Each structure stands twice: as structure tokens, then as C-alpha cells.
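A quick note: this is a predicted structure, and the numbers were derived from the prediction, not measured. These values consider heavy atoms only, across backbone and side chains, with no hydrogens, waters or symmetry-generated copies.
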Amino acid sequence: MAIPNARRFQITNPDGSQRATIVAVLPKGADVDAYLKDATARFDWKAYSDAQARQFKIRVGQQKQKKAK
């Protein structure tokens, strides 16, 4: 079940090398620019880049497969 009023925002690393997508529900009348500036400053860019590197790891060579009985 989806959350109503959830919006996706793309934030950019301060040096401009990476982009991330965050999902947030903001109250009416909230300053979106101030929220995104704060979220960009608090975002853990090192952990995000480490997770991306683990997700797209390239396997070199073949590994043995165990036989299923």
C-alpha cells in the first residue's frame, strides 16, 4: 500500500559527483528548498557510495556451484 502525499526528491552531493533520491512527506506550507538543503547536508554520502559499490560489484572468474540434492 502506497503512502499518500509521498514525493520523490533528487539531491546532489555538494561536490556534484553523485545524485540520490529521497522520499518524503512534507506538511502543507513547508519550505521545500530549505528541507532539501538540510537533507543534502545530513545525508551520509560515504555510506551511500559504499552501498552502490557493493550492489554493482563485478565478479571476476567463475566460482564453483554446490550441487543441490
Side-chain angles (χ1 to χ4, degrees):
M1 186 168 150
I3 299 173
N5 302 329
R7 293 179 53 195
R8 291 176 186 247
F9 299 102
Q10 285 201 348
I11 57 175
T12 305
N13 195 356
D15 63 1
S17 62
Q18 291 181 329
R19 295 178 76 171
T21 302
I22 58 173
V23 179
V25 177
L26 299 178
K28 286 185 180 179
D31 188 9
V32 177
D33 293 329
Y35 171 76
L36 292 177
K37 185 176 180 181
D38 182 48
T40 302
R42 293 187 302 137
F43 193 77
D44 191 359
W45 291 102
K46 184 177 183 319
Y48 179 73
S49 64
D50 291 345
Q52 291 295 321
R54 272 196 308 270
Q55 184 176 2
F56 298 112
K57 188 192 310 187
I58 299 171
R59 292 178 22 177
V60 178
Q62 290 182 327
Q63 286 118 11
K64 290 187 176 181
Q65 302 288 328
K66 289 185 178 181
K67 282 188 177 180
K69 291 185 177 182

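Inter-residue side-chain proximity for N13 and Y48 is flagged as unmet; no heavy-atom pair is nearer than 4.5 Å.
More than 12 non-hydrogen atoms from other residues, nucleotides or ligands lie less than 6.0 angstrom from CG of D31.
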Yes or no on side-chain contact (heavy atoms from CB on, under 4.5 Å) for W45 and I11, after CA distance, side-chain angles and deciding distance?
CA-CA 11 Å; W45 291 102; I11 57 175; 3.9 Å; yes
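In this structure, the separation between OG1 on T40 and CD1 on I22 is 6.5 Å, given to the nearest 0.5 Å.
The shortest heavy-atom contact between A6 and V25 is CA-CG2, 3.7 Å.
Under the 4.0 Å criterion applied to side-chain N and carboxylate O atoms, D50 and K46 are assigned as salt-bridge partners.
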